[in-house]
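Let me begin by presenting the structure, written as structure tokens, before commenting on it.
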There are 2 protein chains.
Amino acid sequence: MIDPRLITLRVFARCGTVSATAELTGYSPSAVSAQLRELQRVLGLQLLTKDGRGVRLTATGRFLVAGSDTLIADWESLRAAAMEAGDQVQSRFGLGGFSTAAAQLLAPLAATLRSTRPLLEVQVLEANPARCFDLLVAERIDLAVIVAMQSNTYGEDDPRFEQTVLLDDPLDVIIPADHPLASRETVTLEELASEPWITEAAGSTYHSLFTAAFTAVGVTPRIAHEAVEWETQIAFVGAGLGVGLLPRLAPLHSAENVVRLRITGKGKPARRIVAAVRRGSITSPLIQESLGILQMRANKIVSARPEDDL
Amino acid sequence: MIDPRLITLRVFARCGTVSATAELTGYSPSAVSAQLRELQRVLGLQLLTKDGRGVRLTATGRFLVAGSDTLIADWESLRAAAMEAGDQVQSRFGLGGFSTAAAQLLAPLAATLRSTRPLLEVQVLEANPARCFDLLVAERIDLAVIVAMQSNTYGEDDPRFEQTVLLDDPLDVIIPADHPLASRETVTLEELASEPWITEAAGSTYHSLFTAAFTAVGVTPRIAHEAVEWETQIAFVGAGLGVGLLPRLAPLHSAENVVRLRITGKGKPARRIVAAVRRGSITSPLIQESLGILQMRANKIVSARPEDDL
DNA sequence: ATCGATCATGCATCTATTGTGCACGGTTAT
DNA sequence: ATAACCGTGCACAATAGATGCATGATCGAT
């Protein structure tokens, strides 16, 4: 309902370049350029200035973008209230999420929605957390499921988003099936301190989670191997190369030679899974229903494993 | 910046029929119909129902329209602030007003703006007060100058408009030049109680002003003739057919055989001239400038006449 | 300093949206 | 019953808007 050109401007304010804006919004760079030019013309305002080989927001532009936060939120709020009052939902619904979250939570959600609301057009986009927020601003998606990290999570008071904790996804240990501890039901990180560890590449989303878990118990683990995907990591463990941490949400499938154990003791690492929506839209019936489904699904998976796993 | 289809819906909410909405917005009825249909489709909401040979807002529709008031006001407010911050003004500016107000106040304003801001596209629409408010909602005009009446003025708290009093335009008496009182500078209504009066048709905008003036002094005037335009009324007075009331803003031009006298005594009738804008836009530089010009112009005219007149 | 990469924008082209005009069906009032 | 009115569907036209490529400008690296 808000002029798409203003949305484009807001996306530009986030990413700073026309090309990136084009990529995020799904337009071509020319279209973004034309839209921004047209926006300035119709408002009679100079919003952009040349800056090197790129363009940059003017003070007026920044002012407009900042002020538009409440405008967008108000619209979302109004739309949500109208949906609720009319007992109807929108025709399109975009979901975004990262890796395991997307696979384990979003896919079932999308499937459920498709069956309960056949005429609803559901679209799922896999994207990392930062991009998810961009996609929310760009209105490509309406709901994002992300792993909360200091780097990507926004404050409670961010005027653009509203976030609700879905669950704290505990990290389990995966060890080779022939490992001495494999028959145990739970372990502590201290017991595994001297093991060779398999983790993600330093700087990746989950690596900081890994280090945080061990600094909590005062142990410095030895990193033997690095993997990018969970599947790879699991395979490494299965091959006896070491042990690793695996979020409970991540499925083991029926990997041979690998056992999942719960962690006990004072170091109980977990990653926080958060749902983010555009501010104001949280009361929308479809969002509410989706959050319920996600939460139910998440709790079921977390409480079920590892007993029922494999 | 707000989707024009929502504006169309808001206009429809005011006037109730597609045809009237089309006339007000400048679209064809088919276009309005298509816009409303499209709006419902994209929102996934049913906003209209068939009602006899017309259509009517659903509860959801009314809800949406009511809620959109603040949205529009927020946008106007933001735009005004951005204009102010950027020290720039919009490229188009629509003015609306009624009869003498339009002629005496808006025309000079438009002329001034045209000269001081050559690249600003100024448009003036003559329309009665009620229509002016419709045109404001339809965003055909941005500023309206109207004569305040209980019937057309809206409360201070109306979420759609903001109104500021420009001036109280006093009513003068016009009498034939050969009338015994013609050499006087001021008269009271009581002195003219027995004169044959010339007024507007009963039920017209100014007729109630006429009656209100006399009820205030407890006199029941004899209405001899009725005219629709000021010019006609002045001609009647010039022909010696009676006396009449003329707002000071209305020019006598250099009508032969007619004299304008100020009214003294406890019955000092006046009509209130009000400027109305969409809520939120009042702080816009262009609006502020226009209000200043209008006020100055109005005060000059009111204080100058009738001495400098003819 | 040169070359390549990146970025924004203008232009020609095409597409798709959107408005118009007319005709039709349904409803109300005379 | 007839006429007036209202809203809507359809064919057509106009306009807005997106694309892809080319261009110019800037920055970084060799």
Side-chain angles (χ1 to χ4, degrees), chain A residues 1-58 60-62 65 91-92 121 134-135 138-140, chain B residues 1-58 60-62 65 91-92 121 134-135 138-140:
Chain A
M1 201 49 35
I2 308 295
D3 194 311
R5 294 169 295 190
L6 182 60
I7 307 299
T8 302
L9 181 71
R10 288 168 54 80
V11 175
F12 176 85
R14 277 184 67 84
C15 59
T17 80
V18 171
S19 318
T21 307
E23 196 280 327
L24 270 167
T25 54
Y27 292 115
S28 67
S30 319
V32 171
S33 181
Q35 280 191 19
L36 295 178
R37 181 154 28 91
E38 190 61 12
L39 183 65
Q40 295 181 90
R41 198 194 59 77
V42 75
L43 290 182
L45 288 170
Q46 187 179 348
L47 304 170
L48 303 169
T49 332
K50 293 192 126 108
D51 180 43
R53 63 182 156 182
V55 288
R56 170 174 51 86
L57 281 181
T58 63
T60 312
R62 280 191 300 275
V65 169
S91 57
R92 219 195 71 82
E121 200 178 311
D134 289 342
L135 290 171
E139 307 201 344
R140 292 276 298 278
Chain B
M1 204 46 36
I2 309 296
D3 194 309
R5 294 169 295 190
L6 182 60
I7 307 299
T8 302
L9 181 72
R10 288 168 56 80
V11 175
F12 175 85
R14 276 183 68 82
C15 59
T17 80
V18 170
S19 319
T21 307
E23 196 280 327
L24 271 167
T25 53
Y27 291 115
S28 68
S30 321
V32 171
S33 181
Q35 279 191 17
L36 295 178
R37 181 155 29 90
E38 189 61 13
L39 182 65
Q40 295 181 89
R41 197 195 60 79
V42 75
L43 291 181
L45 288 170
Q46 188 180 347
L47 304 171
L48 304 169
T49 331
K50 292 191 129 111
D51 179 43
R53 62 181 158 184
V55 288
R56 171 175 50 86
L57 282 181
T58 63
T60 312
R62 280 190 300 276
V65 169
S91 58
R92 218 195 72 83
E121 201 178 311
D134 289 342
L135 289 171
E139 307 201 344
R140 291 277 297 279

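Throughout, a chain's letter reflects where its sequence line sits, starting with A, and its residues are numbered from 1.
Across all non-hydrogen atoms, the minimal contact from A/Glu139 to A/Ile7 is OE2-CD1, 3.5 Å. A/Arg56 and A/Lys50 get closest at one heavy-atom pair: NH2-O, 4.3 Å. In this structure, B/Thr21 and B/Thr8 approach most closely via the heavy-atom pair CG2-O, 3.7 Å.
Interface limits on DNA chain D: the 5'-most and 3'-most nucleotides within less than 4.0 Å of chain B heavy atoms are D/dA4 to D/dG9.
Annotation: side chain of A/Ile2 is in contact with side chain of B/Ile2 (closest heavy-atom distance under 4.5 Å). Residues B/Leu57 and B/Leu48 are in side-chain contact: their nearest non-hydrogen atoms beyond the backbone lie under 4.5 Å apart.
Separation of atoms OG1 (A/Thr58) and CD (A/Gln40) is listed at 7.5 Å; rounding is to 0.5 Å. To the nearest 0.5 angstrom, A/Ser91 atom OG is 10.0 Å from B/Leu45 atom CG. Atoms CZ and CZ, from B/Arg140 and B/Arg92 in turn, are 8.0 Å apart once rounded to the nearest 0.5 Å. Atom CG of B/Leu39 is separated from atom CG of B/Asp3 by 7.0 Å, given to the nearest 0.5 angstrom.
By the side chain to side chain donor-acceptor pair (under 3.5 Å) test, B/Thr25 pairs with no residue at all, sequence neighbours left out. For the side chain to side chain donor-acceptor pair (under 3.5 Å) test, no residue two or more places apart in sequence or in another chain qualifies with A/Gln46. For the salt bridge (Lys or Arg N to Asp or Glu O under 4.0 Å) test, no residue two or more places apart in sequence or in another chain qualifies with B/Glu121. B/Glu23 meets the side chain to side chain donor-acceptor pair (under 3.5 Å) test with B/Arg131; sequence neighbours excluded. Annotation: salt bridge (Lys or Arg N to Asp or Glu O under 4.0 Å) contacts of B/Arg62 (sequence neighbours excluded): none.
Taken residue by residue, residues 38-46 of chain A places no heavy atom nearer than 4.0 Å to DNA chain D. Near DNA chain D, meaning a heavy atom under 4.0 Å away, there are no residues from residues 13-25 of chain A. Contact check of residues 1-10 of chain A against DNA chain D (heavy atom, cut-off under 4.0 Å) returns no residues at all.
Side-chain N/O atoms of B/Gln35 include none lying less than 4.0 angstrom from OP1 or OP2 on C/dT18.
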What side-chain donor-acceptor pairs closer than 3.5 Å can you find for residues 9-18 of chain B, not counting sequence neighbours?
unit_1, atom_1, unit_2, atom_2, d
B/Arg10, NH1, B/Ser68, OG, 2.8
B/Arg10, NH1, B/Asp69, OD1, 2.8
B/Arg10, NH2, B/Asp69, OD1, 3.2
B/Arg14, NE, B/Asp134, OD1, 2.5
B/Arg14, NH2, B/Asp134, OD1, 2.9
B/Arg14, NH2, B/Tyr154, OH, 3.1
B/Thr17, OG1, B/Ala20, N, 3.0

Base-contact (B) and sugar-phosphate-only (S) positions in nucleotides 20-30 of chain C, heavy-atom cut-off under 4.0 Å, - elsewhere: BBB---BBB--
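Note on the helix from C/dA1-D/dT30 to C/dT30-D/dA1: angle between the axes of the first and last five pairs equals 30°, rounded to 10 degrees.
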